[in-house]
Amino acid sequence: MKTNLSSQIKLEYIPSKYYDPQGELEVTSLTREEKIYTRIFENLTVGSRYLAKHIVERITKSIAEHGKCVIAIGAGQSTLPVYAALIEMYEKGEVDFENVVFFNLNEFFPLTKDGPSTWKRLQQVLFSHINVRPENLHTFNPSTNKADIYDMCREYAREIEQEGGLDLTVCEVGPMGSLGFNEPGSLVSSPCRLVLFSQEVRQSLAKDYGVEDFPKTAITLGVADIMRSSRVMCMAWGENRSKVVAQAIEGPVTDAVPSSFLQMHNHARIVLDLSSADQLTRISMPWKVTSCEWTDKLIRRAIVWLSQEINKPILKLTDKDYKDNGLGELVALYGSAYNVNIKVFNELQHTITGWPGGKPNADDTYRPERANPYPKRVIVFSPHPDDDVISMGGTLKRLVDQHHDVYVAYETSGNIAVGDEDMMRYFMMFDKIAPEFGFATEEYKKLSNSLVDFIAHKKPGETDLPEIREIKTMIRQAEATIACNFIGVKPDHIRFLRLPFYETGTIKKGELSERDIEIVKKLIEEVKPHQIFVAGDLADPHGTHRVCTDAVLAAIDELKDEDWMKDCRIWMYRGAWAEWEIDHIEMAVPISPEELRFKRNSILKHQSQMENAPFLGDDDRLFWQRAEERNRATARLYQDLGLASYEAMEAFVEYKPIR
């Protein structure tokens, strides 16, 4: 099974001049804005292998020099593929851990018997698979009283000193740019200590560990301890880290982004995948650091940036504007600013269409979608049972109204996002009317009593009973069906795939498997679509979108050589958290004020998600509010660039399978 197919989404935006076929983006001339030694790879698999290789090199060198290697090791989600690569190297006989001394970088406090623990995770994902000696494993004393934490932290720091200090620290760029559990506000001189988590970090950790009620405090090695390490290897994967990664690597050294302190370390390196590096200058604005290989997409990106930078519509940009902002090379290539302006303006103009399925019997030379065949068979894949209307509700309505044969496939049940209170509201309502429909049996009463008792005594983070998960699934399916009926999707065209990876009953999901891919593949083979719409929102805080995206793209990859599949276009939409950058957009569907209200009403059919959806972070807007504001912002951006003014827009990027 192919993996990491979602990374292909980004690759076509990088000029080939900067892309190493071996999987790395490393051109010295491009790195002058970067203040930390940074390596960028196509995906986390390649990046993790690189990190594992260099960790092994450091282990070998340290043991050769002084008989052992002392490593402080974190247990963040980003580190797990690195440890998997280390285990693989160990099993091949490429590394020996007998003389490696490990110190836990941080731990939650207080520890509970069944609660989350970084040390437990490290035991599960690394230590139990290698030949490390028990006496070489060091962690914080979990039975320490809060009053004794200061002394325990001092003793832990002395243990590191007694081992000769840290040869290496392995960690990740955390949420908000944290380093270890050193959150914003931590000083460069901060020692090992007890820290308080922010709400956003708690929610991120809860997702990583699959626990809803997460500890509020933890013990961590301080920034000062990490900075004393001879080497620091830090990593970040995924688009949701891209903003803070850019701040840490290219921004000023500041306690607001603790990872930026690594700029002051002589032997620190950060390893990234293409998504997490997306906002670094060499990826996002290479014209600032080198002479560029000017592809159409890079030109569009540069001109949109210039227009926003000096607050001018595209058609008003002058030769002087280009030269004053480092883009004189484009004027030389095209003869004048006007020639570049009109090229980019026309490209953006041609992305706008009110016919997302193609306009029948019309010239489609400059339209995003072809006119024929008409009507088209269309599959809209929705990760959760409301992502379709949140992300592309206006476009979905257009496709139905323009008489295309539209299928909506909900990839997961979404049951984890139904609160117990919402579930009981529906269940108690059914309890009242059940006798009228012949359900007042002893079995039903027994089930009712057991469910009520379970909810009343449910512990934080406890997995729901299978019966409760099924009821929550039914609630979400009913809401999705009502929303589809409201839009006009045919009842027999609504599919609930319930991909197995999701059905764990906990926040933490399973891995993508062939079973998931086969379910998606079967539907595509059944419909033989002319269009597929799929979520490309790889920065969603649930993580579910990424797995769902990879499931669809893996199925497409297996079917891409079928004759009917060669005539299928794949369009990627984004969710409630972010929109495609305008220089990437290839189809923009305008939404009128009336259509925007209709979209809002479609979202409101999902009543169980109005207030209780998890992982909203510090953004307390409801889904319909975020969707509307995002769609209006896209329309304003087109208007600011000098194009037509619309109430709102939904945007899409075409995905082209690699053949």
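Scope of the values below: all heavy atoms of this structure, side chains included, with no hydrogens, waters or symmetry mates. Bear in mind the structure is a predicted one, so any value in this text is a computation, not a measurement.
With 3.5 Å as the limit, one finds a donor-acceptor pair spanning the side chains of Ser645 and Gln639. Between Tyr410 and Arg495, the side chains place no donor N or O within less than 3.5 Å of an acceptor N or O (distance only, hydrogens not considered). Glu347 and His350 form no side-chain donor-acceptor contact under 3.5 Å, judged by distance and modelled atom types alone. With 3.5 Å as the limit, one finds a donor-acceptor pair spanning the side chains of Glu595 and Ser592. Looking at Thr318 and Asp321, their side chains do bring a donor and an acceptor atom within 3.5 Å of each other. Using modelled atom types and a 3.5 Å distance limit, the side chains of Thr281 and Glu250 yield a donor-acceptor pair. Under the 3.5 Å distance criterion, with hydrogens and angles disregarded, no donor-acceptor pair is assigned to the side chains of Gln77 and Glu172. Residues Asn631 and Lys599 have side chains that bring a donor and an acceptor to within less than 3.5 angstrom of each other.
Of all heavy-atom pairs between Ile379 and Phe381, the closest is CG2-CE1, 3.5 Å. Heavy atoms only, all atoms of each residue included: Leu280 and Ala246 are closest at CD2-CA, 3.8 Å.
A distance of 6.0 Å separates CZ in Arg39 from NE2 in His54, rounded to the nearest 0.5 Å. Note that CG of Leu348 and NZ of Lys343 are 10.5 Å apart. Values are rounded to the nearest 0.5 Å. Distance CZ/Arg636 to CE/Met649: 12.5 Å, rounded to 0.5 Å.
By the 4.5 Å heavy-atom criterion applied to side chains, Asp273 and Phe41 are not counted as neighbours.
Using a cut-off of 4.0 Å between Lys/Arg side-chain N and Asp/Glu carboxylate O, Arg370 and Asp567 are scored as salt-bridged. Using a cut-off of 4.0 Å between Lys/Arg side-chain N and Asp/Glu carboxylate O, Asp550 and Arg546 are scored as not salt-bridged. In this structure, Asp557 pairs ionically with Lys560, as a charged nitrogen and a carboxylate oxygen lie closer than 4.0 Å.
Between His265 and His267, the two ring planes are perpendicular [angle over 60°; tilted spans 30° to 60°]. A tilted orientation is assigned to the rings of Trp287 and Trp305, their planes being inclined by 30° to 60°. Between Trp571 and Phe652, the angle of the ring planes goes over 60°, which puts this pair in the perpendicular group of the 30/60° scheme. In this structure, Phe486 and Phe598 have parallel ring planes: the angle between them is below the 30° cut-off, well short of the 60° mark.
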Open item on the list: Between Phe261 and Asp255, does the side chain to side chain contact (heavy atoms under 4.5 Å, CB included) criterion hold? Intermediate values first, please.
Closed with: CA-CA 8 Å; Phe261 288 130; Asp255 60 13; 4.0 Å; yes
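The neighbour count for Asn361 CG, taken as heavy atoms of other residues, nucleotides or ligands under 6.0 Å away, does not exceed 12.
A side-chain donor-acceptor contact under 3.5 Å links Glu650 to the backbone of Thr395.
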